[in-house]
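Worksheet for the structure shown next.
Quantities reported herein were computed from a predicted structural model and do not represent experimental measurements.
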Amino acid sequence: MLCSLTLTSLICLYLRAIRRPWSTMKLWMMLLILLLHLVVCGSLPAPSKVSISSLNMEHTLSFLPGPGTPPDARFTVQVLRLRKSQWRLLAACAQLTAGQKCNLTRAFKDSYEQYQARVQAFTPSQTSNWTVTGVFLPLTDTVLGPPDVSLSGCGNCLLLRLEAPIAMEFSSTYRVHVQRTRDGVQFNLSLPYKEETVITYLQPGVEYCVTVSIWTSFNKNAVSSAPHCAFTSPPPSRSSYVVILGLLAAVCVLGLLLILLHFYGLQGFEVLRKCLPTTLSYILLPCQCGGGVPIEQSAQMSAVQHLKEGSADCLLTAHRLLRNASDGGEEIHGEGSEI
């Protein structure tokens, strides 16, 4: 108001200094006062911090009111397609209040086109200057968010399931970062997009953590997923450890028993070897084995030969005497007497 009064006083002083018809001067004075009021005293502060953010091809315009903007001010948004060079008003963003955002996804529907946007503040009697954004290309300026990741074990491998955050209009690959939880050993993979991928050559029963991000040659604004961890196969439980320890203990006891049996078995065999020839000679002399073999001939034959050619009675008698000899009986009573 003070600015308008000051301008009016200056115009009146100027009109007094020149000689012209009052009606013409009055008209010019009113026009000048109105023009100066709109240009100098009546303009609103322009919006500030006007920017476009984009995630997975969802574009949003945000801004802040300029310093000194009245609370009842409204804001309007226009967009420009650089090929057409003509600003277009967005009906959905024609009456925004301070703090509201404008969705530009439909306005920027061509991913390969360049766009701009601008914002203006206005009241019923005043308007501000336009604040224009920089050039925006959806394909390269959007941020590619992480895919949905699902991870499960498959023995000595991991089954990785992916779901793209957007419908891919371009060729892309996935960068997979794999880290072993036990010791931190890690490696990277570049895989073409598939809903299911198998990561092989891993250790069974070990936990691995995987992070995934989208990678393209023309867009570097990719965000990695949160780590997803899984075991390649179920880890052994405590009961299995108990079973393994029990088996090891049983094997040790069995080995000890075999060693003891082997040691004492050799001693018994040695005693039997010393006693067997003498015993068999006494046994086989009175037996007419093999159908009446003479005694002189039997003395010249070995005990084993008599045993092979003897009858069942001779074998039974030999077995009885051998058992008595092992019990400590070293003397055979009555050579040639009946058994």
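Phe136 and Tyr115 have their aromatic ring centers separated by at least 6.0 angstrom.
Using modelled atom types, no side-chain atom of Thr173 and backbone atom of Ser190 make a donor-acceptor pair closer than 3.5 Å. One N or O on the side chain of Asn221 and one on the backbone of Thr140 form a donor-acceptor pair closer than 3.5 Å. In this structure, the side chain of Ser225 engages the main chain of Val212 through a donor-acceptor pair within 3.5 Å. Using modelled atom types, no side-chain atom of Thr142 and backbone atom of Leu139 make a donor-acceptor pair closer than 3.5 Å. Of the possible donor and acceptor atoms, none in the side chain of Asn103 sits under 3.5 Å from a partner among the backbone N and O of Thr60. Checked by atom type and distance alone, the side chain of Tyr208 pairs as donor or acceptor with a backbone atom of Gln203 at under 3.5 Å. For the pair His228 (side chain) and Ala226 (backbone), a donor-acceptor distance under 3.5 Å is present. Side-chain N or O atoms of Ser233 include one that pairs as donor or acceptor with a backbone N or O of Gly205 at under 3.5 Å. A donor-acceptor pair is defined here as one N or O able to donate and one able to accept, closer than 3.5 Å; such a pair exists between the side chain of Thr105 and the backbone of His59. Using modelled atom types, one side-chain atom of Thr232 and one backbone atom of Val206 make a donor-acceptor pair closer than 3.5 Å.
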Can Gln186 and His177 be said to form a side chain to side chain contact (heavy atoms under 4.5 Å, CB included), step by step?
CA-CA 7 Å; Gln186 53 190 326; His177 178 76; 2.7 Å; yes

Audit row: Leu44, Thr69, side chain to side chain contact (heavy atoms under 4.5 Å, CB included) steps and yes/no:
CA-CA 6 Å; Leu44 292 173; Thr69 302; 5.5 Å; no

Starting from the C-alpha separation in whole Å, work towards a yes-or-no answer on salt bridge (Lys or Arg N to Asp or Glu O under 4.0 Å) for Glu207 and Arg182.
CA-CA 7 Å; Glu207 186 183 38; Arg182 182 182 61 194; over 6 Å; no

Between Asp148 and Arg161, does the salt bridge (Lys or Arg N to Asp or Glu O under 4.0 Å) criterion hold? Intermediate values first, please.
CA-CA 8 Å; Asp148 294 332; Arg161 294 184 176 90; over 6 Å; no

Before giving the answer on side chain to side chain contact (heavy atoms under 4.5 Å, CB included), spell out for Asp141 and Ser54 the whole-Å C-alpha distance, their side-chain angles and the decisive distance to 0.1 Å.
CA-CA 7 Å; Asp141 293 336; Ser54 178; 5.9 Å; no

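In this structure the side chain of Val149 reaches within 4.5 angstrom of the side chain of Leu160, judged on heavy atoms. Between Gln114 and Tyr112 the shortest side-chain heavy-atom distance does not fall below 4.5 Å. In this structure the side chain of Leu90 reaches within 4.5 angstrom of the side chain of Leu104, judged on heavy atoms. Within the 4.5 Å cutoff, no side-chain heavy atoms of Val132 are placed close to those of Val50. You'll find the side chain of Leu144 reaches within 4.5 Å of the side chain of Asn219, heavy atoms only. The side-chain heavy atoms of Glu113 and Arg81, taken from C-beta on, include a pair separated by under 4.5 Å. For the pair Pro47/Val119, a side-chain contact is recorded, criterion being any heavy-atom separation below 4.5 Å from C-beta on. Looking only at side-chain heavy atoms (C-beta outward), Cys157 and Ile199 stay at 4.5 Å or farther from each other.
If you chain together hydrophobic residues whose side chains sit under 4.5 Å apart, Val178 and Tyr193 fall into the same group. Residues Leu89 and Val77 are members of separate hydrophobic clusters, defined by side-chain heavy-atom contacts under 4.5 angstrom among Ile, Leu, Val, Met, Phe, Trp and Tyr. Linking Ile, Leu, Val, Met, Phe, Trp and Tyr residues whenever their side-chain heavy atoms come within less than 4.5 Å leaves Leu189 and Leu159 in two separate clusters. Transitive grouping of hydrophobic side chains (ILVMFWY, heavy atoms separated by less than 4.5 Å) brings Phe108 and Leu96 into a common cluster. Residues Trp130 and Val135 do not share a hydrophobic cluster, clusters being chains of Ile/Leu/Val/Met/Phe/Trp/Tyr side chains in contact below 4.5 Å.
Shown here for Ala222 and Ile214, the closest heavy-atom pair between the two residues is CB-O, 3.0 Å. Nearest heavy atoms, Pro165 versus Tyr174: CD-OH, 4.4 Å. The minimum heavy-atom distance between Pro45 and Pro67, with the atom names listed, is CG-O, 3.0 Å. The shortest non-hydrogen separation linking Gln100 to Gln95 is OE1-O, 4.1 Å. Considering every non-hydrogen atom in both Thr216 and Lys220, the closest pair reads O-NZ, 3.5 Å. Of all heavy-atom pairs spanning Pro138 and Ser111, the tightest one is CD-O, 3.8 Å.
To the nearest 0.5 Å, the span separating OG1 on Thr131 from CD on Gln120 amounts to 9.0 Å. For the atom pair Phe75 CZ and Cys93 SG, the distance stands at 13.0 Å (nearest 0.5 Å). The CG atom of Leu162 lies 8.0 Å from the CG atom of Leu191; values are rounded to the nearest 0.5 Å. How far CG of Leu61 is from OG of Ser53: 8.5 Å, rounded to the nearest 0.5 Å. Atom-to-atom distance recorded for Thr211:OG1 and Asn188:CG is 8.0 Å, nearest 0.5 angstrom. Interatomic distance, Tyr201 OH to Asn156 CG, rounded to the nearest 0.5 Å: 9.0 Å.
When the shell of 6.0 Å around CD of Glu163 is examined, it contains 12 or fewer heavy atoms from other residues, nucleotides or ligands.
Shown are Gln116, Gln86, Arg88, Arg118; of these, the side chain to side chain donor-acceptor pair (under 3.5 Å) with Gln78 is made only by Arg118.
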